[in-house]
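Following: one structure in structure tokens, then a few remarks.
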Amino acid sequence: MSHQATEPQVNAVVERVKEIGLKFELSRGEDRTLVGVIGSNAYAYREAFSHLPGIKEIIPITKPFKLASREFRSADTVVDVGGVKVGGTQDVVVMAGPCSVEGEEMLIETARHVAARGARMLRGGAFKPRTSPYSFQGLGEAGLKMLAMAREETGLRVVSEVVTPADVELCARYVDVLQVGTRNMQNYALLQEVGRVGKPVLLKRGMSSTVEEWLLAAEYVLSQGNRNVMLCERGIRTFEVATRFTLDLNVIPLARELTHLPMVVDPSQATGKWSLVRPMALAAVAAGAHGLLVEVHPHPDEALSDGAQSLDFAAFDRMMDDLHRMTSVLTQVAAK
Ligand code: PEP
Ligand code: MN
């Protein structure tokens with residue numbers, strides 16, 4: 001809409017969209033209002049709008065992902081997880097905790113520690129998508145209950161993975177953020193279901209997925225009406241086997257150009273090696289990440305999953321100290 005467009009003019013455009021049977025989303029920016037029109041082949045209807053007063057221009061969204069694109073929404077999305085805000089110019093949010101919820105004691109101990117050091121969310125898998133069927137599969141609902149208890153105790157928001165569409169409602173009852181894992185990024189039934197429940201979603205990048213496939217996966221969730229999607233880069237498969245995966249740092253600034261959605265980085269899965277987690281966490285924040293997902297365990301040697309990439313408490317403290325130092329430098333860089 002043009003700068004001078006009046007409220008009735010905006011409404012008339014919206015009414016026209018509804019009459020045609022297309023969907024819309026209003027985006028009110030600082031200096032202009034954008035009416036996003038959604039539907040297959042929506043651009044073909046442009047003639048139906050061209051004569052309406054107040055319209056400045058009709059722009060096709062050239063990307064295959066629409067709701068996720070910067071063209072559709074120029075301002076950064078800030079996902080509000082019960083008051084903890086991720087995205088835009090908000091402080092970097094650290095989500096920390098064990099790979100798997102193994103028991104009440106270790107979970108509370110970890111939650112207390114990471115909360116005291118500045119983490120805002122507690123991570124922990126209750127349903128684990130393990131590569132081998134013989135590996136620990138998680139505690140299921142009992143694990144979710146422990147996460148909810150840890151939230152009560154510490155005030156941390158809770159993020160946990162949901163593996164199948166049938167468990168989405170159960171998980172949503174206990175957690176604040178539903179994590180969709182790398183192995184499920186293209187599980188479209190799961191994406192639609194997490195879209196329907198409306199809880200914030202942390203969408204991991206498929207380990208062999210392109211950026212476009214990832215953003216189209218986000219589009220599945222967004223198009224169900226759930227706009228609270230955070231992306232999570234967690235490393236991709238390359239020829240290199242010296243590390244578990246290869247952290248794609250390029251994708252952080254790239255995704256921030258292509259999409260308004262917040263970007264979280266998981267240096268734990270990406271490296272597979274605890275000693276690499278702190279430097280890669282710092283690199284991710286320097287590249288523009290809005291949040292970090294980090295595995296922390298009181299005794300990594302005894303962890304039931306991903307011990308080799310889990311930080312112990314001392315290593316976590318060091319990472320947090322360095323992150324604080326790093327953010328003050330970045331503020332100076334940004335101000336220049
Ligand atoms: C995890 O966060 O523990 C996990 C299994 O993540 P991913 O889906 O990225 O492997
Ligand atoms: Mn893990």
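Just follow the structure's listing: the first ligand is 1, and inside any ligand the first atom is 1.
- Set against the non-hydrogen atoms of E295, the atoms of ligand 1 under 4.0 Å away are 1 (C), 3 (O).
- Of all the atoms in ligand 1, the ones that sit under 4.0 Å from a non-hydrogen atom of K128 are 1 (C), 3 (O), 5 (C).
- A side chain to side chain contact (heavy atoms under 4.5 Å, CB included) with M319 is found for exactly one of H324, R117, R278, namely R278.
- Considering all non-hydrogen atoms of both residues, M185 and S209 come closest at CE-OG, 3.2 Å.
- For the pair M207 and ligand 1, no heavy-atom separation below 4.0 Å is found.
- Comparing heavy-atom distances from atom 1 (C) of ligand 1 across R130, M185, E161, Q269 singles out Q269 as nearest.
- Of the listed residues (V84, V175, V93), just one forms a side chain to side chain contact (heavy atoms under 4.5 Å, CB included) with R157, and that residue is V84.
- Nearest heavy-atom pair across A96 and V296 is CB-CG2, 4.0 Å.
- Protein heavy atom in closest approach to atom 6 (O) of ligand 1: K204 NZ, 2.9 Å.
- Cation-pi geometry between R46 and Y43 is met: the NZ or CZ atom falls under 6.0 Å from the ring centre, inside 45° of the normal.
- No heavy atom of G125 sits closer than 4.0 Å to any atom of ligand 1.
- Checking side-chain atoms of D176 against main-chain N and O of V158 turns up a donor-acceptor pair under 3.5 Å.
- Of all atoms in ligand 1, numbered sequentially from 1 with element shown, those under 4.0 Å from a heavy atom of R234 are 7 (P), 9 (O), 10 (O).
- The distance from ligand 1 to the heavy atoms of C99 drops below 4.0 Å at these ligand atoms: 3 (O).
- Cation-pi geometry between R234 and F245 is met: the NZ or CZ atom falls under 6.0 Å from the ring centre, inside 45° of the normal.
- Heavy-atom distances between R205 and ligand 1 stay at or above 4.0 Å for every pair.
- Interface of G181 with ligand 1, defined as ligand atoms under 4.0 Å from a residue heavy atom, comprises 8 (O).
- The side chain to side chain contact (heavy atoms under 4.5 Å, CB included) with M230 is formed by just one residue from the set V177, L261, L293; it is V177.
- Backbone and side-chain nitrogen or oxygen atoms of T182 are examined, and one is located within less than 3.5 angstrom of a nitrogen or oxygen of ligand 1.
- Taking the Mn ion (ligand 2) as reference, E295 places its N/O/S atom OE2 nearest.
- Of the heavy atoms in R123, only side-chain atoms (C-beta onward) come closer than 4.0 Å to ligand 1.
- Summary: OD2 is the N/O/S atom of D306 found nearest to the Mn ion (ligand 2).
- When L144, V194, V197 are each tested for a side chain to side chain contact (heavy atoms under 4.5 Å, CB included) with V162, only one passes: V194.
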